[in-house]
Amino acid sequence: MRLDKLLAHMGYGTRREVKKLIKSGAVEVNGAVPPSPDVHVDPAADRVTVFEEPVRYVAHVVYMLNKPPGVVSATVDRRQETVLDLVPAELWRPGLFPVGRLDKDARGLLLITDDGQLGHRLAAPRWAVEKTYVVEVDGVLTEADVRRFAAGMVLDDGTRLRPATLEIVARGPRSMARVTVTEGKYHQVKRMFLAVGKAVVDLKRIRIGPIVLDPKLPEGAVRPLTPEEGAALRAVVGLEEKRR
């Protein structure tokens with residue numbers, strides 16, 4: 001890999017900024033200042049430093065965000081705060097994007113990565129990755145609602161949904177439930193509850209495939225997945241062999 005590409009990939013600046021950094025003498029490869037920014041290095045074998053600090057190359061990252069309400073699931077928005085705005089500087093790198101989306105008023109687990117193949121597979125219908133939500137609704141949930149979810153729904157606009165699992169946690173004027181789906185249609189969970197006559201009051205995602213929202217992670221905070229979490233996530237979409 002070209003040295004300037006490696007450093008840009010690791011967040012040391014744009015390619016132009018990285019080239020200036022290399023020409024300034026701040027970068028060394030195996031203890032020597034490289035002759036040019038386009039010199040090739042082996043991230044697994046060569047020791048690259050910037051201002052004498054080693055560069056630890058990681059091909060791709062996956063972060064867990066505990067999304068707060070009021071933040072949009074987008075890479076950029078001129079008027080509103082986005083989930084990428086919550087990524088701290090020390091974790092920032094080019095190419096980050098949210099995997100799927102959570103509505104602006106929803107909260108909970110959102111994955112952020114720079115791995116396009118992983119993001120695509122997690123969202124693709126073929127892999128049917130489960131997503132679990134804790135939901136508060138206006139109205140009394142019934143066993144008939146459970147059966148409607150399990151049978152698969154056709155919404156008013158003709159959208160066909162796969163079967164989903166509805167577990168009633170508490171019944172009352174405000175009911176609590178867990179719902180698990182294997183797709184991510186637009187406003188899907190809210191529209192499913194509206195189809196059985198209940199409006200969603202609060203929506204929190206707590207699981208994506210094998211990844212469960214860390215109860216110790218505060219709202220608005222981001223952390224990298226552990227190696228075990230990352231391996232489990234890639235395995236569920238058939239990428240484990242390619243990432244070893």
Side-chain angles (χ1 to χ4, degrees), residues 60-88 91-137 149 153 155-162 164-166 177-195 199-214 217-225 229-230 233-234 236-237 239:
H60 293 293
V61 296
V62 186
Y63 300 143
M64 173 188 296
L65 165 66
N66 187 354
K67 178 190 173 301
V71 181
V72 297
S73 299
T75 55
V76 64
D77 192 296
R78 293 183 178 181
R79 295 174 295 177
Q80 303 178 85
E81 186 179 28
T82 75
V83 292
L84 291 194
D85 293 327
L86 301 177
V87 178
L91 296 180
W92 179 260
R93 61 190 291 166
L96 290 175
F97 64 92
V99 178
R101 58 180 293 117
L102 274 176
D103 294 343
K104 181 179 177 180
D105 60 348
R107 56 198 179 98
L109 176 61
L110 186 71
L111 298 178
I112 295 174
T113 187
D114 60 351
D115 188 336
Q117 186 179 31
L118 176 64
H120 172 75
R121 290 201 181 189
L122 288 171
R126 170 190 171 189
W127 296 98
V129 177
E130 290 187 343
K131 304 169 188 68
T132 299
Y133 302 79
V134 174
V135 186
E136 182 180 3
V137 301
F149 274 62
M153 292 183 179
L155 302 177
D156 289 343
D157 64 356
T159 300
R160 292 185 175 273
L161 301 178
R162 293 177 176 177
T165 301
L166 175 62
R178 290 187 185 88
V179 58
T180 298
V181 300
T182 58
E183 53 192 343
K185 300 284 178 62
Y186 181 68
H187 292 321
Q188 178 174 340
V189 174
K190 292 178 179 177
R191 294 167 72 194
M192 291 170 75
F193 280 102
L194 283 176
V200 171
V201 177
D202 184 59
L203 179 66
K204 180 179 182 180
R205 185 158 62 196
I206 60 170
R207 182 173 71 93
I208 299 174
I211 307 302
V212 177
L213 179 63
D214 186 342
L217 190 67
E219 277 196 356
V222 178
R223 73 157 173 83
L225 294 191
E229 288 171 332
L233 185 66
R234 292 185 170 103
V236 83
V237 290
L239 291 176

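The side-chain heavy atoms of Gln117 and Leu239, taken from C-beta on, include a pair separated by under 4.5 Å. Using a 4.5 Å heavy-atom threshold, the side chains of Val179 and Phe149 count as touching. Using a 4.5 Å cut-off on side-chain heavy atoms (C-beta onward), Pro98 and Thr75 make contact. With a 4.5 Å cut-off on side-chain heavy atoms, Leu109 and Asn66 do not count as touching. The shortest distance between side-chain heavy atoms of Met192 and Val181 falls below 4.5 Å. Residues Thr113 and Tyr63 are not in side-chain contact: their nearest non-hydrogen atoms beyond the backbone lie 4.5 Å or more apart. In this structure, the side chains of Leu118 and Val237 come closer than 4.5 Å at one or more pairs of heavy atoms. The closest side-chain heavy-atom distance from Asp214 to Met64 is below 4.5 Å.
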Please step through salt bridge (Lys or Arg N to Asp or Glu O under 4.0 Å) for the pair Arg223 and Glu229, ending with a clear verdict.
-> CA-CA 12 Å; Arg223 73 157 173 83; Glu229 288 171 332; 3.0 Å; yes
Test log, rule side-chain contact (heavy atoms from CB on, under 4.5 Å), inputs Lys131 and Thr180 | CA-CA 5 Å; Lys131 304 169 188 68; Thr180 298; over 6 Å; no
Could you go step by step and tell me if Arg121 and Asp115 meet the salt bridge (Lys or Arg N to Asp or Glu O under 4.0 Å) rule?
-> CA-CA 10 Å; Arg121 290 201 181 189; Asp115 188 336; over 6 Å; no
Given side-chain contact (heavy atoms from CB on, under 4.5 Å), test Ile112 with Leu84 step by step and report yes or no.
-> CA-CA 8 Å; Ile112 295 174; Leu84 291 194; 3.8 Å; yes
Verify salt bridge (Lys or Arg N to Asp or Glu O under 4.0 Å) between Arg191 and Asp156, making sure each step is shown before the conclusion.
-> CA-CA 9 Å; Arg191 294 167 72 194; Asp156 289 343; over 6 Å; no
Candidate pair Glu136 and Val200, rule side-chain contact (heavy atoms from CB on, under 4.5 Å), full reasoning = CA-CA 6 Å; Glu136 182 180 3; Val200 171; over 6 Å; no
Would you check, one step at a time, whether the test side-chain contact (heavy atoms from CB on, under 4.5 Å) holds for Leu233 with Val62?
-> CA-CA 10 Å; Leu233 185 66; Val62 186; 4.0 Å; yes
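Checked against Val71 for a side-chain contact (heavy atoms from CB on, under 4.5 Å), the options Glu219, Lys104, Glu81, Arg107 give a single hit: Glu81.
Screening residues 67-78 for salt bridge (Lys or Arg N to Asp or Glu O under 4.0 Å) gives no qualifying pairs among residues at least two apart or on separate chains. Applying the side chain to side chain donor-acceptor pair (under 3.5 Å) test to pairs two or more places apart or on separate chains, those with a residue in residues 92-102 are His9-Arg93, Arg93-Asp114.
Side-chain rings of Tyr133 and Phe193 stay apart, their centers remaining 6.0 Å or farther from each other.
With respect to the salt-bridge test (charged N to carboxylate O, under 4.0 angstrom), the residues Lys190 and Asp105 qualify.
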